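A, B, ... follow the sequence lines: proteins, then strands. Residue 1 opens every chain. Everything numeric here is computed off the predicted structure, so don't read it as measured data.
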Protein chains: 2
Amino acid sequence: MMETISIDELLRRNQLSITDSRKKILELFQANNGAMAHSDIEKKTDEKFDRVTIYRTLQTFVEKGIIHTIPTPDNSVLYALCKDDCSSTGHHHDNHVHFVCDNCNVTYCLDSVVSPEVNLPGGFKPKVIDVVVTGICKNC
Amino acid sequence: MMETISIDELLRRNQLSITDSRKKILELFQANNGAMAHSDIEKKTDEKFDRVTIYRTLQTFVEKGIIHTIPTPDNSVLYALCKDDCSSTGHHHDNHVHFVCDNCNVTYCLDSVVSPEVNLPGGFKPKVIDVVVTGICKNC
DNA sequence: CTGGATATTGCAACTTTGTTGCAAATTGCT
DNA sequence: AGCAATTTGCAACAAAGTTGCAATATCCAG
Ligand SMILES: [Mn+2]
Ligand SMILES: [Mn+2]
Ligand SMILES: [Zn+2]
Ligand SMILES: [Zn+2]
């Protein structure tokens, strides 16, 4: 079992200075149970931070392995927190399935469901397998 | 075995009038072995058609089941031809795997590889499973 | 605790991507 | 050929994302 670490500690471990925008955005991710789009963050921060700052913060978090992006069927960009082992090793291991609810529109990281094997035709060498399931979630 | 039908016939079967832009865009899809983005089509048509026309044409083709969209890890919107049975039944059955090559950047429809089963936690009811594999393709 | 090097932010300006209304042109049909 | 219906191009706009730079905040050594 991995112990829960504070937001400040999380930033420090990733050699990032502790700033208002980074703290606030991480708080939002921890409070939210699903994935968030850039526009969600803009709204939830009440336009306190510049759009550009939010873009740059998200980009930094992705590079550090603190959050990961999720490919969605409607091709909007979503972000969610990574499991702890992503940031510690410096590269992503988000081989879990994502679920998009048709009804409430929440996107879940199903961390317990690992991506299935796929049998590819000869010559194709897989590196990453992204699986996005659309349907009705457990809360709908 | 499904016989190959002409572009005019394909449009007629979908109750679409035969216009220059629709013919040209379908030709591009048939000539191209991978998926295309809106911007690819703009370039390959040499700006002969208005951007808006291309958007509307792609949208019409998706609605008719002539092409389908592909969710990609970098969240760009790609389109590729559907198998014949999509347009005949009026709704999509594109339950095949897509492959994005890290090297040549071509995105393939692997029509022969059907999406695998996924074991979801209790309460989640799947409808569509999108699988996108990233790696090195057979031509690289 | 403070000064100053370094990193981060906000602003402005710009690019790309996508949408909408409407008049002009094209298509399909008689 | 003529006419109704569909499609296109244009203009104007909105949303999403990028870049350079000056102002500000953070961190660390002294
Ligand atoms: Mn996830
Ligand atoms: Mn496909
Ligand atoms: Zn739901
Ligand atoms: Zn390739």
Any non-hydrogen side-chain atom of [X] less than 4.5 Å from a side-chain atom of [Y]?
{"X": "B/V118", "Y": "A/P116", "answer": "yes"}
{"X": "B/L110", "Y": "A/F124", "answer": "yes"}
{"X": "B/N33", "Y": "B/Y108", "answer": "yes"}

From [atom1] of [X] over to [atom2] of [N], roughly how many Å is that when rounded to an integer?
{"X": "A/L78", "N": "D/dA16", "atom1": "CG", "atom2": "P", "result": "12 Å"}
{"X": "A/D50", "N": "D/dG20", "atom1": "CG", "atom2": "P", "result": "16 Å"}
{"X": "A/N75", "N": "C/dT17", "atom1": "CG", "atom2": "P", "result": "13 Å"}
{"X": "B/E63", "N": "D/dT6", "atom1": "CD", "atom2": "P", "result": "15 Å"}
{"X": "B/I54", "N": "C/dT16", "atom1": "CD1", "atom2": "P", "result": "15 Å"}
{"X": "B/N14", "N": "D/dT7", "atom1": "CG", "atom2": "P", "result": "12 Å"}
{"X": "A/K23", "N": "D/dC27", "atom1": "NZ", "atom2": "P", "result": "9 Å"}
{"X": "B/Q15", "N": "D/dT7", "atom1": "CD", "atom2": "P", "result": "11 Å"}

With a cut-off of less than 4.0 Å, is there a side-chain N or O of B/T19 near OP1 or OP2 of C/dT26? no
Does B/T53 make a side-chain N or O approach to OP1 or OP2 of D/dT7 shorter than 4.0 Å?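 No, outside the criterion.
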Would you mind classifying the nucleic acid contact of A/S39 as base, sugar-phosphate or nothing, using non-hydrogen atoms under 4.0 angstrom?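 No contact.
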Nearest 0.5 Å, what's the CZ-CG distance between B/R22 and B/N14? 10.0 Å
Using only heavy-atom distances, determine whether the side chains of B/D8 and B/S6 contain a donor-acceptor pair under 3.5 Å. no
For the base of D/dG9, is there a side-chain donor-acceptor partner from B/R56 under 3.5 Å away?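 Yes, the side chain and the base share a sub-3.5 Å donor-acceptor pair.
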Ignoring hydrogens and angles, answer whether the base of D/dG9 and the side-chain atoms of B/R51 contain a donor-acceptor pair closer than 3.5 Å.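 Not at all, since no donor on one side and acceptor on the other fall under 3.5 Å apart.
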Go nucleotide by nucleotide along DNA chain C from the 5' end; which of B/I18 and B/Y55 gets its closest nucleotide reached first?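 First, find each residue's nearest nucleotide; the 5'-ward one identifies B/Y55.
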Pick the nucleotide of DNA chain C nearest each of B/Q59 and B/S17; which residue has the one closer to the 5' end? B/Q59
Measure from the side-chain heavy atoms of B/H38 and tell me the nearest of C/dG28, C/dT9, C/dG18. C/dG18
